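All remarks here apply to the structure that follows.
Indexing begins at 1, ligand by ligand and atom by atom, following the structure's order. This one's a predicted model, so the numbers in the text were calculated from it and none came from an experiment.
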Amino acid sequence: MNIVWITSEAYPYAKTGGLADVASALPKAQSKKGHKVSVIMPYFPQVMKELTQKTEVVQGPLSVPFGFTEEKAALRKHEINDNLTFYFIEYNVFYDRPSLYDYNGVAFGDNAARFIFFSRAAMQTILALDINPDIIHTNDWMSALCNVYLKTPLYWNYKNFQGCRSVLTIHNIGYQGIFDKSNLFLTGLGWEYFNQSCLEYHDQLNFLKAGILTADMVNTVSPTYATEILSPEYGFTLDPPLHHVEYRQKLRGILNGIDTDDWNPQKDKLIPANFSPEDKSGKKKCKEALQREFSLQTKPDIPLIGLVSRLATQKGIDVLTSALERIFFEEQNIQVAILGTGDPELEGRLSYLNGQFPDNFSVFLGYNNKLAHLIEAGSDFFIMPSRYEPCGLNQMYSMRYGTIPIVRATGGLDDTVINYNPDKIDESTGFKFYELNVDAVVNTIRWAVYTYHNEKEDFKQMIHNGMTADFSWEKTASEYEQMYKDAFN
Ligand code: ADP
Ligand code: GLC
């Protein structure tokens with residue numbers, strides 16, 4: 001198939017979260033299976049840094065109708081192999097910024113314009129390069145307008161789109177791209193699209209909703225999340241349109257995989273020592289390095305819990321902070337190392353905890369890929385107390401690195417972690433709790449730490465189970481193939 005991915009981020013060029021990992025690993029897996037894949041994303045020179053040098057300018061300006069004018073952008077590309085090319089929309093007014101979506105946690109005021117422009121420019125790129133896609137694959141609200149565009153006279157008449165269907169992947173329904181309706185004129189669409197079946201949402205624009213209702217297929221990134229978002233609790237008010245899509249059998253839940261080249265403890269160059277399921281001795285060195293890096297005492301036998309996360313309400317960091325405070329008041333024999341950035345209030349709470357319990361707790365506020373790998377490799381446990389988690393990648397990275405996940409049983413966390421059960425020890429991979437409250441987090445951490453100290457054989461077996469589990473993209477890529485085929489029915 002000829003597949004065009006449209007995404008606002010992709011690793012290693014620009015990344016704020018798991019979307020970037022998926023938008024890099026899945027196209028790669030698809031290209032390996034023989035599909036022709038193009039990935040279109042914005043060109044973020046300040047974020048991409050030296051990676052900008054890998055890109056080359058594609059001849060000729062790219063015309064992008066935008067509001068009442070026609071803007072000129074540039075197009076760059078980075079060819080990975082014959083079947084996989086990344087294309088970048090260069091338009092510095094919108095994308096030459098220090099970060100992708102916000103400045104110090106506050107969304108850029110012109111995000112509506114920035115991503116309307118991006119969506120339109122992506123459609124223009126397909127025309128300019130004369131690509132004939134079978135599938136346009138969009139991701140989250142930032143590119144969901146493309147699903148709409150494909151169904152409008154602005155694009156459907158072009159021969160390039162004659163045999164084309166569109167698929168929208170929802171990585172996170174908590175972010176929908178809701179903007180004032182005055183932005184409609186920038187899209188080039190008329191008021192006839194400002195209705196309940198398309199862009200209108202409480203008298204505002206909602207890009208994700210419009211994408212959901214116009215895509216030929218919609219999926220989320222785990223089977224459990226696909227069910228959860230049909231409820232008011234998890235649907236963030238989009239459960240009614242999702243029910244409509246589900247009723248028409250257009251909704252899927254496909255579990256993400258992980259890039260087993262980037263996240264491989266046997267070959268990882270970002271960690272101080274490599275290790276494997278057969279020889280785990282390198283993991284001890286990683287733990288020591290992690291303790292040193294985070295200014296924690298370098299003791300080998302103290303259980304160390306790690307976390308790498310966007311600091312957002314979604315991730316349950318508020319509850320975790322309270323739970324850790326309670327644990328540290330009573331217990332000195334646990335260490336916790338956190339790497340994250342995001343909500344200034346959560347950053348403040350974590351820094352405060354760091355000040356209160358410097359011997360047990362250490363936080364690094366910022367984005368740092370090398371430290372993320374070190375935490376995965378050096379920790380004994382990895383905690384994810386998410387309020388909701390469409391898939392979550394870190395719990396899978398953890399298991400691969402012999403680090404036991406402690407997770408709230410929601411979304412992809414529930415689908416990927418198998419709760420500890422001494423009677424089913426050959427399957428067990430982690431510790432789960434169900435309600436999100438301080439008691440549940442405290443008790444589950446205690447249960448995990450008790451097991452670490454007192455059930456050593458079970459603990460070893462769980463590490464082994466996680467390290468040898470298959471989280472590769474191969475299976476996932478086939479499920480996406482099937483969904484693409486179903487988009488034609
Ligand atoms: P989400 O996409 O909701 O943020 P995921 O678990 O799917 O959650 O993916 C998060 C990805 O972002 C992981 O690859 C994780 O290692 C990475 N990440 C998150 N925060 C940081 C950070 N502060 N520094 C480095 N990597 C981070
Ligand atoms: C989102 C979700 C996360 C998921 C990622 C990749 O950011 O929050 O759970 O793993 O997208 O699909």
*Have a look at ligand 2 and work out which part of Leu19, if any, has a heavy atom under 4.0 Å from it: side chain, backbone, both or neither.*
backbone

*Tyr13 and ring pair (Phe, Tyr, Trp, His ring centres under 6.0 Å): which partner among Tyr95, Phe44, Phe88, Tyr43?*
Phe88

*Would Phe207 and Phe179 count as a close aromatic pair, with their ring centres under 6.0 Å?*
yes

*Atoms in ligand 2 flagged as close to Pro390, the criterion being non-hydrogen separation under 4.0 Å*: 2 (C), 8 (O), 9 (O)

*asked:* For a 4.5 angstrom cut-off between non-hydrogen side-chain atoms, does Glu389 reach Gln314?
replied: yes

*asked:* Closer than 4.0 Å to some heavy atom of Gly366 - which atoms of ligand 1 meet that?
replied: 22 (C), 23 (N)

*asked:* Tell me whether Lys485 is salt-bridged to Asp134, with the criterion being a basic N under 4.0 Å from an acidic carboxylate O.
replied: no

*At what distance is the nearest protein heavy atom to atom 13 (C) of ligand 1, and which residue and atom is it?*
Asn394 ND2, 3.6 Å

*What atoms of ligand 2 come within less than 4.0 Å of a heavy atom belonging to Val221?*
12 (O)

*Report the nearest protein non-hydrogen atom to atom 6 (O) of ligand 1: residue, atom name, distance rounded to 0.1 Å.*
Leu393 N, 2.9 Å

*Do Thr7 and Asn139 have side-chain N/O donor and acceptor atoms under 3.5 Å apart?*
no

*Cationic N near anionic O, under 4.0 Å, Arg97 to Asp110*: yes

*Do Asp268 and Tyr401 have side-chain atoms, one donor and one acceptor, less than 3.5 Å apart?*
yes

*asked:* Quick check: Gly18 and ligand 2, any N/O pair under 3.5 Å apart?
replied: no

*Among Phe471, Tyr11, Tyr397, find the residue that satisfies the ring pair (Phe, Tyr, Trp, His ring centres under 6.0 Å) test when tested with Trp263.*
Tyr397

*atom 2 (C) of ligand 2: nearest protein contact (heavy atom, Å)*: His171 O, 3.1 Å

*asked:* To check your reading of the model: name the closest protein heavy atom to atom 4 (O) of ligand 1, its residue, and the distance in Å.
replied: Arg310 NE, 2.7 Å

*Mind checking whether Phe459 and Phe381 have ring centres under 6.0 Å apart?*
yes

*Heavy-atom contacts under 4.0 Å between His171 and ligand 1: side chain, backbone, both, or neither?*
neither

*Counting each atom of ligand 1 from 1 as listed, which ones have a heavy atom of Lys15 under 4.0 Å away?*
11 (C), 12 (O), 13 (C), 14 (O), 17 (C)

*Asp470 bridged to Lys475 by N-O distance under 4.0 Å*: no

_atom 18 (N) of ligand 1 [closest protein heavy-atom partner, distance rounded to 0.1 Å]_ = Val308 CG1, 3.8 Å

*asked:* Give me the residue, atom name and distance of the protein heavy atom closest to atom 10 (C) of ligand 1.
replied: Gly18 N, 3.6 Å

*Considering only protein heavy atoms, which is closest to atom 20 (N) of ligand 1, and at what distance to one decimal place?*
Ser309 C, 3.5 Å

_Nearest neighbour in protein (non-hydrogen) for atom 8 (O) of ligand 2_ = Gln314 NE2, 3.0 Å

_ligand 1 contact by Phe364, heavy-atom criterion under 4.0 angstrom_ = no

*Return yes if a side-chain donor-acceptor contact under 3.5 Å exists between Lys209 and Thr237, otherwise no.*
no

*Does ligand 1 have a heavy atom under 4.0 Å from the side chain of Asp21, from its backbone, from both, or from neither?*
side chain

*Any atoms of ligand 1 less than 4.0 Å from a non-hydrogen atom of Lys315? List them with their elements.*
1 (P), 3 (O), 4 (O), 8 (O)

*Does the N or O separation between Leu339 and ligand 1 drop below 3.5 Å for any pair?*
no

*Assess the side chains of Glu347 and Thr341: does a donor N or O sit below 3.5 Å from an acceptor N or O?*
yes

*Does the gap between the ring centers of Phe94 and Phe117 come in under 6.0 Å?*
yes

*Side chain, backbone, both or neither: which part of Asn368 has a heavy atom under 4.0 Å from ligand 1?*
backbone

*State plainly whether the residues Glu481 and Lys33 are in salt-bridge range, i.e. N to O under 4.0 Å.*
yes

*Taking heavy atoms and a distance under 4.0 Å, where does Asn256 meet ligand 2: side chain, backbone, both or neither?*
side chain

*Are Arg349 and Asp318 ion-paired here, with the side-chain N under 4.0 Å from a carboxylate O?*
no

*What is the closest protein heavy atom to atom 22 (C) of ligand 1, and at what distance does it sit?*
Tyr367 CD1, 3.4 Å

*With heavy atoms only and a cut-off of under 4.0 Å, state how Ala20 meets ligand 1: side chain, backbone, both or neither.*
neither

_N-O pairing of Arg292 and Glu288 below 4.0 Å_ = yes

_Arg310 and ligand 2 - part of the residue with a heavy-atom distance under 4.0 Å_ = side chain

*Please write down residue, atom name and distance for the protein heavy atom closest to atom 3 (C) of ligand 2.*
Glu389 OE2, 3.4 Å

*For Val22, counting its heavy atoms only, list the atoms of ligand 2 lying under 4.0 Å from any of them.*
6 (C), 12 (O)

_atom 10 (O) of ligand 2 - nearest protein heavy atom and its distance_ = Gly392 N, 2.8 Å

*In terms of atom number and element, which parts of ligand 2 are under 4.0 angstrom from non-hydrogen atoms of Asn172?*
8 (O)

